[in-house]
Amino acid sequence: MNKKNIVRISFTTLSILALANCAQVTQPELCDSNVTPIHAIQGQGFQSPLTGQQVTTRGIVTGNWQSEAELGGFFLVSKPDDRDDNSLTSEGLFVQANENLPRLQPGDWVYLTGTVAESNDLTQLTNLTHHAVCDSGYSVEATVLNLPVTSTEQFEALEGMPVHINQNLVVNGHYQLLRHGQIDVAHERLFTPTQHHRPGAEARAQAKSNALARLVIDDNLAPNSDLPSSLKQTITASNTVRSGDTLAPLHGILSDFRGSYRLQPTSSVEISQTNPRPVAPEAPAANTVRVAAFNVLNYFNGEGPNKQFPTDRGAKSTADFARQHEKIIAALSQLNADIIGLLELENDGYTSHSAIAELTTALAEATGQPWRFVQAAPEKLGDDAITNGLIYRSDRVTPQGEPLTLTTPPFGRLSRLPIIQRFSPTNTVENLVIAVNHFKSKGGCPRESSNPNANQNDGQACWNEARTKSAELLAEFIDNHADLKRFPLRVLMGDFNAYAQEEPIQTFLQYGYYNRIDAFNPHAYSYVYDAQAGSLDHLLVSSQLAARVVHQAIWSINADEPTLLQYNNADVNNNWYAPSPYRASDHDPIYADIQF
């Protein structure tokens with residue numbers, strides 16, 4: 001029986017640094033004085049009712065991370081006889097350290113005077129004027145916390161308190177792992193609301209549900225800390241932590257940062273690799289053609305014949321580009337495709353030193369196959385810094401007719417110019433129409449709320465109208481073009497920057513296209529954003545082609561992998577880099593095998 005790989009990460013509770021010659025003095029009589037209990041400081045709401053007031057309180061130290069490289073303080077919890085019977089008030093509190101504090105240990109019972117403050121939504125005691133250790137050796141019973149919670153008030157009622165999570169939580173994201181040493185977890189895999197729910201009320205309800213299921217596992221360290229993060233040091237190019245992996249039950253202290261609740265672990269964190277890296281897809285059958293789309297994460301090969309760096313986007317140095325190039329070629333060569341639409345290529349034309357020429361030549365050398373590219377314009381395709389590309393195996397398919405594009409706005413102004421090309425598979429007389437697309441992204445919202453492309457708060461984010469209009473124009477152009485309308489076997493593919501239930505994708509369905517991924521894996525996704533999975537990348541086929549799709553899938557080599565494994569972080573830690581397909585980009589490639 002195969003055993004699951006387990007990554008053990010130990011978050012060590014470090015003792016507080018004391019000043020030189022500062023001795024700890026036990027003063028038990030002080031802790032019998034009248035105090036403001038912690039639950040009164042916390043109050044029933046999301047902010048303390050005593051903000052700005054000086055108070056004296058007491059509690060048991062539960063976790064201390066006092067140095068500037070750590071959290072800069074420690075946590076207290078009330079003794080049982082200081083607690084109230086109100087489930088809405090927390091009995092835990094963060095105390096901001098200062099230079100006069102003695103060396104404290106978990107289990108110390110302390111007496112403190114300071115000022116109540118709210119910092120990034122975390123209630124805390126600051127500007128300490130008096131402190132004493134009354135006793136030590138106390139143990140604290142943790143409160144059980146399971147996800148999802150029923151309301152954010154349930155999180156808030158445990159702010160600053162020690163908790164025990166007895167579930168096997170699922171890693172959902174790790175975007176902040178590189179900088180902050182954090183991972184996002186939930187009780188199950190979370191999906192972007194509009195991946196499975198229609199925009200509007202349904203999507204908003206799912207977004208609220210997702211928020212109640214999420215928790216951040218922190219590393220007890222300050223942002224950009226000089227101290228090593230245990231999890232980051234554990235990861236290598238071959239020993240990764242993927243979204244979909246699971247955590248064993250653990251202990252920690254619940255804290256808050258701008259409404260994002262997080263756990264400061266006080267026990268080791270064990271991650272089981274339950275979402276292993278997928279192997280490369282097998283080559284398609286002889287009587288099928290594999291078409292694929294892949295966003296190659298700003299593949300810029302340098303300026304001009306001398307390949308000068310840095311460029312507008314992508315790699316910042318020759319060494320960085322060499323690593324990026326190796327990973328992209330590894331991914332493309334193992335994809336075993338016959339036609340590939342490429343997104344986020346440098347828009348530098350089609351000469352021998354262009355990005356698409358270098359990539360195509362390298363792919364042919366790596367595979368021993370006759371790869372060619374479609375020259376979609378005399379020079380550059382559009383005015384954007386990035387463009388779309390289309391490459392193919394000339395022994396498997398043959399281009400027919402001239403490549404076409406569409407320049408009617410929002411194409412050119414917002415969405416990148418598409419590439420539309422007919423191909424005939426070898427030994428057939430049929431023609432396959434391929435359209436490669438990259439629609440306007442969701443970022444950079446218009447400032448005017450009256451702008452129809454502003455965020456409508458329906459789950460589709462910004463520029464949805466532009467993406468929807470792009471979908472309409474593309475479908476109508478193919479339907480009405482004098483040449484293309486004669487060929488009913490059509491594939492629309494690329495990065496549409498829209499999830500499956502959003503209006504641009506639904507528009508294509510209304511024009512008679514099918515999303516056949518639903519038949520093979522309805523839970524497939526190509527991208528992870530904000531610790532939620534979904535598909536921005538799609539491959540849609542016309543009704544006459546739907547029954548011929550014998551397989552469609554997403555090769556999950558990128559979206560589930562942490563960003564620190566990207567080519568541009570090798571200088572931070574060389575153990576993170578390998579010339580493998582994994583984390584070659586931030587999007588996963590999508591492909592379909594079509595029978596002819």
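All of these numbers come straight from a predicted model, not from anything done at the bench. If you read the sequence from its start, that first residue is 1, and numbering goes on from there. Values reported hereafter were calculated over all heavy atoms of this structure, with side chains retained and with hydrogens, waters and symmetry mates removed.
Between Ser255 and Phe75, the closest side-chain pair of non-hydrogen atoms falls below 4.5 Å. Within the 4.5 Å cutoff, the side chain of Asp586 has no heavy atoms near those of the Asn558 side chain. Counting only heavy atoms from C-beta outward, the side chains of Leu343 and His587 never approach each other to under 4.5 Å. Using a 4.5 Å heavy-atom cutoff, the side chains of Arg58 and Lys79 are not in contact. Contact check for Thr563 versus Arg583: side-chain heavy atoms found under the 4.5 Å cut-off. The shortest side-chain heavy-atom distance between Gln501 and His197 does not fall under the 4.5 Å cut-off. No side-chain heavy atom of Gln532 sits less than 4.5 Å from a side-chain heavy atom of Gln195. Residues Leu212 and Thr150 form no side-chain contact, since every pair of their non-hydrogen atoms from C-beta on lies 4.5 Å or further apart.
The closest donor-acceptor contact from the side chain of Ser209 to the backbone of Ala205 lies at 3.5 Å or more, if one exists at all. In this structure, Ser48 contributes its side chain and Ala117 its backbone to no donor-acceptor pair below 3.5 Å. Proximity of a side-chain donor or acceptor of Arg204 to a complementary backbone N or O of Asn457 within less than 3.5 Å is detected. Not a single donor-acceptor pair under 3.5 Å links the side chain of Ser272 to the backbone N or O of Thr274. A donor-acceptor distance shorter than 3.5 angstrom exists from the side chain of Ser526 to the backbone of Asp537, with no hydrogens or angles considered.
Of the inter-residue distances, the one linking Asp219 atom CG with His180 atom NE2 reads 9.5 Å to the nearest 0.5 angstrom. Residue Leu221 holds its CG atom at 8.0 Å from NZ of Lys232, rounded to the nearest 0.5 Å. Atom OG1 of Thr246 and atom CD1 of Ile271 lie 9.0 Å apart (nearest 0.5 Å). Within the model, atoms CH2 of Trp109 and OG of Ser78 stand 11.0 Å from one another, a figure rounded to the nearest 0.5 Å. If you take CZ on Arg179 and CG on Asn224, they are separated by 4.5 Å, rounding to the nearest 0.5 Å.
Screening Thr240, Val241, Asp560 for a side chain to side chain contact (heavy atoms under 4.5 Å, CB included) with Asn275, the sole residue that qualifies is Asp560. Exactly one residue among Leu122, Thr62, Thr123, Val116 makes a side chain to side chain contact (heavy atoms under 4.5 Å, CB included) with Leu93. That residue is Thr123.
Counted by atom type alone, Tyr525 and Asp588 present zero donor-acceptor pairs between their side chains at under 3.5 Å. A side-chain N or O of Asn86 and one of Gln44 form a donor-acceptor pair less than 3.5 Å apart. Counting only N and O atoms by type, the side chains of Asp84 and Thr89 include a donor and acceptor under 3.5 Å apart. Residues Gln460 and Thr194 have side chains that never bring a donor and an acceptor to within less than 3.5 angstrom of each other. Using modelled atom types, one finds a donor on one side chain and an acceptor on the other under 3.5 Å when comparing Gln264 with Asn220. No donor-acceptor contact under 3.5 angstrom links the side chains of Gln54 and Thr115, judged on distance only. Neither side chain, Glu70 nor Asn64, offers a donor N or O lying under 3.5 Å from an acceptor on the other. There is no side-chain donor-acceptor pair under 3.5 Å between Gln96 and Thr126.
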Apply side-chain contact (heavy atoms from CB on, under 4.5 Å) to residues Asn172 and Arg189 and explain how you reach the verdict. CA-CA 6 Å; Asn172 272 266; Arg189 198 68 194 269; 3.7 Å; yes

Please lay out, stage by stage, how Leu536 and Lys442 fare under the test side-chain contact (heavy atoms from CB on, under 4.5 Å). CA-CA 11 Å; Leu536 295 176; Lys442 295 177 179 289; 4.1 Å; yes

Trace of the side-chain contact (heavy atoms from CB on, under 4.5 Å) decision for Val133 with Leu104: CA-CA 8 Å; Val133 176; Leu104 300 179; 3.4 Å; yes

Where do Leu247 and Ile183 land on the side-chain contact (heavy atoms from CB on, under 4.5 Å) test, with the steps shown first? CA-CA 11 Å; Leu247 275 70; Ile183 55 175; 4.2 Å; yes

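Across all non-hydrogen atoms, the minimal contact from Gln105 to Val61 is O-CB, 3.5 Å. The nearest pair of heavy atoms linking Asp121 to Glu159 is O-OE2, 3.3 Å. For the pair Ser585 and Phe294, the tightest heavy-atom approach, listed with the atom from each and the gap, is CB-CE1, 3.9 Å. When all heavy atoms are compared, the tightest approach of Ile554 to Ala524 is CD1-CB, 4.0 Å. Across Trp555 and Gln334, no two heavy atoms sit closer than the pair CH2-CB, 3.6 Å. Closest heavy-atom contact between Met161 and Gly92: CG-N, 3.3 Å.
The aromatic rings of Tyr527 and Tyr529 sit parallel to each other, their planes meeting at less than 30°, with 60° as the upper class boundary. A tilted orientation is assigned to the rings of Phe191 and His523, their planes being inclined by 30° to 60°. The aromatic rings of Tyr299 and His325 sit tilted relative to each other, their planes meeting at an angle between 30° and 60°. Using a 30° and 60° split on the angle between ring planes, His538 and Phe496 fall in the tilted class, from 30° to 60°.
Residue Asp81 places its CG atom among more than 12 non-hydrogen atoms of other residues, nucleotides or ligands, all under 6.0 Å distant. For Asp226, the CG atom is loosely surrounded, since the number of other residues' heavy atoms within 6.0 Å does not exceed 12. Annotation: Phe46, atom CZ; neighbour count of heavy atoms from other residues, nucleotides and ligands within 6.0 Å is above 12. Counted within 6.0 Å of NZ on Lys208, heavy atoms from surrounding residues, nucleotides or ligands total 12 or fewer; the atom is thus considered open.
Ion pairing of Asp571 with Arg323 is present here, as a side-chain N (NZ or NE/NH1/NH2) and a carboxylate O approach within less than 4.0 Å.
In this structure, Tyr567 has its ring center at least 6.0 angstrom away from the ring center of Phe321.
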